[in-house]
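Each remark here refers to the structure printed beneath this line.
Chain naming here is simple, since letters A, B, ... match the order of the sequence lines and numbering starts at 1 in each.
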Amino acid sequence: MSFIFGGQRPQPSKDEKFAMLDMEFETSTDIFTRMMGSCMKKCVLQNNKNFVEGELNKGESVCLDRCVAKFLASQQLMQKKMEEASKNGGGMMGM
Amino acid sequence: MSFIFGGQRPQPSKDEKFAMLDMEFETSTDIFTRMMGSCMKKCVLQNNKNFVEGELNKGESVCLDRCVAKFLASQQLMQKKMEEASKNGGGMMGM
Amino acid sequence: MSFIFGGQRPQPSKDEKFAMLDMEFETSTDIFTRMMGSCMKKCVLQNNKNFVEGELNKGESVCLDRCVAKFLASQQLMQKKMEEASKNGGGMMGM
Amino acid sequence: MNAPNLTQAEQQEYQQRMERKSIQMAILQFSRLTQQCFEPCVEDFTSKTLGSREEACLTKCFEKFHNGQTRIAQRFQENMAVITNNGQGGF
Amino acid sequence: MNAPNLTQAEQQEYQQRMERKSIQMAILQFSRLTQQCFEPCVEDFTSKTLGSREEACLTKCFEKFHNGQTRIAQRFQENMAVITNNGQGGF
Amino acid sequence: MNAPNLTQAEQQEYQQRMERKSIQMAILQFSRLTQQCFEPCVEDFTSKTLGSREEACLTKCFEKFHNGQTRIAQRFQENMAVITNNGQGGF
């Protein structure tokens, strides 16, 4: 997320380094959880009100594969837009 | 939130002070995020299934202004009720 | 959650002990919050669009009692399934 | 999961930490409640002040959740006591 | 809630901590936004690349949220200033 | 975002911290899953014990999510590898 980390400080302390790694971990976790929520909803839950079957069928599997690809592509696209907005002085999402 | 912080300890340590500030930050962040979620839903998303336009139109803008005012008024009202319930010995929300 | 804590380390440090207790606290809080969300939705909110009454009526009360029992039973059942899946080498939910 | 053994000094320190965490949780719960009642009760945005009907709805909604939460917390504790005694462990 | 008094050294240290927290919050807000725009804009899974209509929708959705968020933040700060001046306290 | 350089001692310490965080995350994920399956599967509150149909639904729901999550995690890692190699950076 280069639009956020502008200038890096020269020699971060241990706590700072750990905080950066924590942030990376929480970011990946968050994006993964959201992607899973959206893709399960779009590919599996809409047609499974009663869960008669535990296995993923062919249609669900293919849908999940594409959904992951599209979710990450959406994330890349929005990141680009965010960087553009950031350059135009908009700041980070109004806060 | 005076109903929560009853008696304050005399001289808090640095960690305690930081924890208090963290709490304030997380509280404002949380309320802001929820307000944004509710107001975007009520004023913008209901009529924008396809996002043909990125700008806010006049109706959306005015709706957001009022929604923020009403959300904060609701928060104040509920806080008053909470303080009353707290005085009547109910404790903090049953936990 | 015995499927997660396999072998315990011999003598945990203070920080480790606190981290374990924090985890327990956050786990109970999370499960309680989710149970409350689901049970309020199923027993109370579905029939209260306008909140004409602040008290719980008889039907709502009984429904909440049963909902709590069933939610916790569901949690126990899913935990059993998780432990079985974990034994079969599936690992923890694919991550 | 077996609870770790704490020395007395650690117990006191953790007690304070718990208090802070409980306050934090209560605040976040309150802000969730605000949203949960705002969404069904406030639907008119032709004005920027709450109408009397909206205020009444928010008040009843608060009471309903407060009562519901109290009841759920009681049942939760009773059920957890049974589960723990049955040796099935907690979470 | 009265803000605690910080020494100058503490202020500096807290400043840094705040910066990190703000970054963290911005990142999580961004990932929430991604999901909020993905769900209404992407509904076709017969292909694994975004169509031009989907891309346009995501872009407009981003702008709409960006503009909405900016406006809400302004009003939030104005309203909070009024509430605080009225002595009703913050959160 | 460039990963910071860790000394060997720091790496070991962080490793332990990561383990705890992963466990925490797994627990919260499990509790989310419980709710996600409870909501569609349990709808009858005329009794306080789970019926056999409800139990079957919960079991299938668990399996469905478990399988879905596994597949999504695999694709996620594959896609992230491609994105990183293309030099577009991670998050």
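When heavy atoms are compared at a cutoff of 4.5 Å, C:Thr33 approaches chain D solely by way of its side chain, counted from C-beta outward. Contacts of C:Leu64 with chain D are made by side-chain atoms alone, with heavy-atom separations under 4.5 Å and no backbone atom involved. Heavy-atom distances place no part of D:Arg53 under 4.5 Å from chain C, backbone and side chain included.
The environment of D:Gln12 atom CD is sparse: at most 12 non-hydrogen atoms of other residues, nucleotides or ligands sit within 6.0 angstrom. Annotation for D:Gln8: atom CD does not count as buried by contact number, only 12 or fewer foreign heavy atoms lying within 6.0 Å.
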* **Trace of the side-chain contact (heavy atoms from CB on, under 4.5 Å) decision for D:Phe76 with C:Ile31** => CA-CA 10 Å; D:Phe76 181 58; C:Ile31 206 84; 3.9 Å; yes
* To do: Output, in order, the C-alpha distance, side-chain angles, deciding distance and verdict of salt bridge (Lys or Arg N to Asp or Glu O under 4.0 Å) for D:Lys60 and C:Glu53.
  => CA-CA 6 Å; D:Lys60 295 295 176 202; C:Glu53 184 53 50; 5.5 Å; no
* **Test side-chain contact (heavy atoms from CB on, under 4.5 Å) applied to C:Met40 and D:Ile72, step by step** => CA-CA 9 Å; C:Met40 285 300 284; D:Ile72 291 171; 4.2 Å; yes
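Salt bridge C:Glu26/D:Lys21: present, at least one basic N to carboxylate O contact under 4.0 Å. The existence of a salt bridge linking D:Lys64 and C:Glu60 is confirmed by a sub-4.0 Å separation between a basic side-chain nitrogen and an acidic carboxylate oxygen.
Taking SG from C:Cys67 and CZ from D:Arg75, the interatomic distance works out to 12.5 Å, rounded to the nearest 0.5 Å. Taken to the nearest 0.5 Å, the NZ atom of C:Lys14 stands 8.5 Å off from the OG1 atom of D:Thr7. Atom CG of D:Asn79 is separated from atom CG of C:Leu72 by 5.0 Å, given to the nearest 0.5 angstrom. Within the model, atoms CG of C:Asn57 and CG of D:Asn67 stand 11.0 Å from one another, a figure rounded to the nearest 0.5 Å. The CZ atom of D:Arg71 sits 15.5 Å away from the CE atom of C:Met36 when rounded to the nearest 0.5 Å. Note that CD of D:Glu10 is 9.0 Å distant from OG of C:Ser13, once rounded to the nearest 0.5 Å.
Using a 4.5 Å heavy-atom cutoff, the side chains of D:Leu6 and C:Leu21 are in contact. Looking at D:Gln29 and C:Phe32, their side chains come closer than 4.5 Å, going by heavy atoms from C-beta outward.
Listed by chain and number, the residues in a side-chain contact (heavy atoms from CB on, under 4.5 Å) with D:Ser22 are C:Phe25 (sequence neighbours excluded). Taking D:Glu63 as the reference, nothing meets the salt bridge (Lys or Arg N to Asp or Glu O under 4.0 Å) condition, with sequence neighbours excluded.
Heavy atoms only, all atoms of each residue included: D:Pro40 and C:Phe51 are closest at CG-CE1, 3.9 Å.
Although no hydrogens or angles enter the test, the distance criterion places no donor-acceptor pair under 3.5 Å between the side chain of D:Tyr14 and the main chain of C:Lys17.
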